[in-house]
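Below, each value reflects all heavy atoms present in this structure, side chains not excepted, and no hydrogens, waters or symmetry copies.
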Amino acid sequence: MTRLPSVGVIIPTRGDRPTELREAVEAVLAQQYAGPLDVVVVTDGDATLPLQAGRSLRGLPLRVLGNRRTPGLPGARNTGIDACETELVAFCDDDDVWRPGKLATQVEALTRAGGEFASCGIEVEHGRRRVARLAGTDTVTAADLTRSRMMMVHSSTFLFRRGALRPDESAPSGQNEDWDLALRAAKRRPLVHVDRPLVLVRWARSHYAARWADRIAGLEWMLARHPELAVDPCGAARVYGQLAFSHAALGQRRAALRWAARTVTTRPLEPRGAIAAAVAAGLVPASAVLAALHRRGHGI
C-alpha cells in the first residue's frame with residue numbers, strides 16, 4: 001500500500017468560542033485519515049486563553065499552544081506550523097467544521113496532481129440557511145484569484161506542503177492573509193481544487209465581518225503587495241467597491257464616494273460602487289446590505 005503523508009492541522013483560536021472550537025476539533029479528529037495526524041490548537045490572546053481552551057478540549061488527542069509569534073491570526077498559524085514536523089499542513093478556523101472525508105479527499109487529489117497547495121468547495125451557514133459555494137473547476141490559477149477573491153478558496157480548506165509557504169504576519173490585523181497566501185501559492189503553481197462542499201463555514205460567527213477600518217487596511221495592503229490586482233478591470237473594480245463600501249459603513253462619505261466613482265469608472269457594471277454610494281447617502285444601512293448578502297452565501 002502507498003504510504004499516506006503526515007498532516008499537521010492548525011486550529012487558531014482566541015478561546016472565546018469553546019463550543020464551536022470543540023466541534024471544529026472533533027470534526028478534524030473524526031476524519032478517519034489513515035496517515036499520521038498531528039492536531040495543534042494555537043491560542044492567541046491573554047495568558048488565560050491556553051487554560052480556557054485546554055479545558056474545553058479536555059480528553060481529546062491534540063496539543064494546545066500559545067501564540068509564540070506576532071499577535072494575530074497569521075502569527076498563530078505560523079506558531080502551529082513551527083510546532084509540526086509533518087509533510088503537509090492544513091488550516092481550520094475554530095468556528096468551521098470539516099465534513100467527513102475532507103482530508104483524505106484533498107490529500108488524494110493533491111498527491112494525484114503532484115501539486116503543492118489544495119483547496120475545496122464550502123457550504124456557507126448564516127442563521128438557518130446554508131448555501132454551497134463552488135468554483136466550477138478543479139484548478140485555481142493566480143489569474144482566477146486576481147479577477148475574483150473566490151471566497152470558496154477559504155482558509156479552512158487550505159492543505160499544502162509544509163515549508164513551501166507561510167502566512168505573512170505583516171497583514172494588518174490578519175486581514176486578507178488567507179487571500180495573500182493562496183495568491184502567492186497560485187503564482188508558484190495552480191491550486192488543486194476539490195469542487196465539493198467539504199467544509200462548513202459559519203459566517204455569522206466571524207470575528208472579521210464588520211471590522212471596517214481593518215478591512216480597508218487589508219485591502220490597501222493587498223493592492224500594494226499584488227499590483228496586478230489593479231490591472232484586471234473586474235478584479236480592480238471589486239476591490240475598489242469593497243473599499244467604497246467599507247468607508248461608507250464607517251460614515252466616511254467623501255472617501256466612500258471617491259472609491260465608488262473609481263469603481264464605476266473602472267468597470268461600470270460592478271454593483272459594489274452603486275451599493276456603496278447608497279450606503280454613503282444614507283439610503284440603506286450597511287448592516288442590512290450585509291445581512292441580505294450573507295443569507296445568500298455571499299459577502300460584499
Side-chain angles (χ1 to χ4, degrees), residues 4-104 106-107 122 125 154-169 171 173-175 177-178 181 198-208 211:
L4 290 172
S6 56
V7 181
V9 183
I10 315 303
I11 305 176
T13 184
R14 289 169 55 179
D16 56 353
R17 299 187 285 208
T19 300
E20 290 87 347
L21 173 61
R22 188 174 181 98
E23 290 174 353
V25 170
E26 288 178 337
V28 169
L29 294 172
Q31 286 294 299
Q32 296 184 335
Y33 179 65
L37 190 66
D38 184 12
V39 180
V40 181
V41 173
V42 183
T43 62
D44 185 62
D46 64 59
T48 66
L49 289 180
L51 180 61
Q52 294 172 9
R55 286 172 178 166
S56 70
L57 300 171
R58 189 167 293 160
L60 299 180
L62 49 76
R63 291 181 287 161
V64 179
L65 307 174
N67 182 2
R68 299 166 182 168
R69 300 179 62 93
T70 305
L73 188 54
R77 295 199 204 279
N78 284 332
T79 293
I81 293 174
D82 290 342
C84 290
E85 296 182 356
T86 53
E87 296 160 86
L88 302 176
V89 170
F91 292 161
C92 183
D93 291 351
D94 69 347
D95 57 339
D96 295 337
V97 177
W98 285 4
R99 296 301 195 193
K102 180 265 187 192
L103 186 55
Q106 280 192 297
V107 169
I122 64 174
E125 177 184 87
H154 185 279
S155 56
S156 290
T157 76
F158 290 0
L159 173 75
F160 56 98
R161 301 197 180 278
R162 188 173 68 90
L165 293 158
R166 298 170 68 92
D168 192 315
E169 296 179 31
S173 301
Q175 288 283 340
E177 54 88 25
D178 52 348
L181 180 62
L198 298 177
V199 177
L200 176 66
V201 174
R202 294 162 161 173
W203 268 9
R205 307 176 194 189
S206 170
H207 288 303
Y208 290 89
R211 288 165 50 178

[X] side chain to [Y] backbone, donor-acceptor under 3.5 Å:
| X | Y | answer |
| --- | --- | --- |
| Ser156 | Asp93 | yes |
| Gln31 | Leu103 | yes |
| Thr43 | Thr13 | no |
| Gln32 | Ala104 | no |

[X] versus [Y]: any side-chain heavy-atom pair under 4.5 Å?
| X | Y | answer |
| --- | --- | --- |
| Val42 | Asp44 | no |
| Leu198 | Thr157 | no |
| Val107 | Pro5 | yes |
| Asp178 | Phe91 | no |
| Ile81 | Pro167 | yes |
| Asp96 | His154 | yes |
| Asp94 | Ile11 | yes |

**OP:** Run the numbers on Arg77 and Asp168 for salt bridge (charged side-chain N to carboxylate O under 4.0 Å, His left out), then give the verdict.
**Re:** CA-CA 10 Å; Arg77 295 199 204 279; Asp168 192 315; over 6 Å; no
Within this structure, what is the [atom1]-[atom2] distance for the pair [X] and [Y], rounded to the nearest 0.5 Å?
| X | Y | atom1 | atom2 | value |
| --- | --- | --- | --- | --- |
| Ser6 | Leu37 | OG | CG | 9.5 Å |
| Leu165 | Leu181 | CG | CG | 5.5 Å |
| Leu21 | Arg14 | CG | CZ | 13.0 Å |
| Leu88 | Arg162 | CG | CZ | 10.0 Å |
| Glu169 | Leu73 | CD | CG | 10.5 Å |
| Arg69 | Asn78 | CZ | CG | 5.0 Å |

Can you name the residues that form a side-chain hydrogen bond (donor to acceptor under 3.5 Å, both in side chains) with Asp38, not counting sequence neighbours?
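With sequence neighbours excluded, Asp38 shows a side-chain hydrogen bond (donor to acceptor under 3.5 Å, both in side chains) to Arg63, given in chain and number order.
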Q.
Any carboxylate oxygen within less than 4.0 angstrom of a Lys/Arg side-chain nitrogen, looking at Asp82 and Arg166?
A.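 Salt bridge: yes.
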How close do [X] and [Y] get, heavy atom to heavy atom, and via which atoms?
| X | Y | result |
| --- | --- | --- |
| Cys92 | Pro12 | O-CD, 3.5 Å |
| Leu4 | Gly35 | CD1-N, 3.7 Å |
| Gly174 | Glu177 | O-CG, 3.0 Å |

Walk me through whether Thr86 and Val7 qualify under side-chain contact (heavy atoms from CB on, under 4.5 Å). CA-CA 5 Å; Thr86 53; Val7 181; 5.6 Å; no
**OP:** Please report the C-alpha distance between Arg202 and Glu20 in whole Å, then the side-chain angles of each, then the deciding distance to 0.1 Å, and finally whether the salt bridge (charged side-chain N to carboxylate O under 4.0 Å, His left out) criterion is met.
**Re:** CA-CA 10 Å; Arg202 294 162 161 173; Glu20 290 87 347; 5.6 Å; no
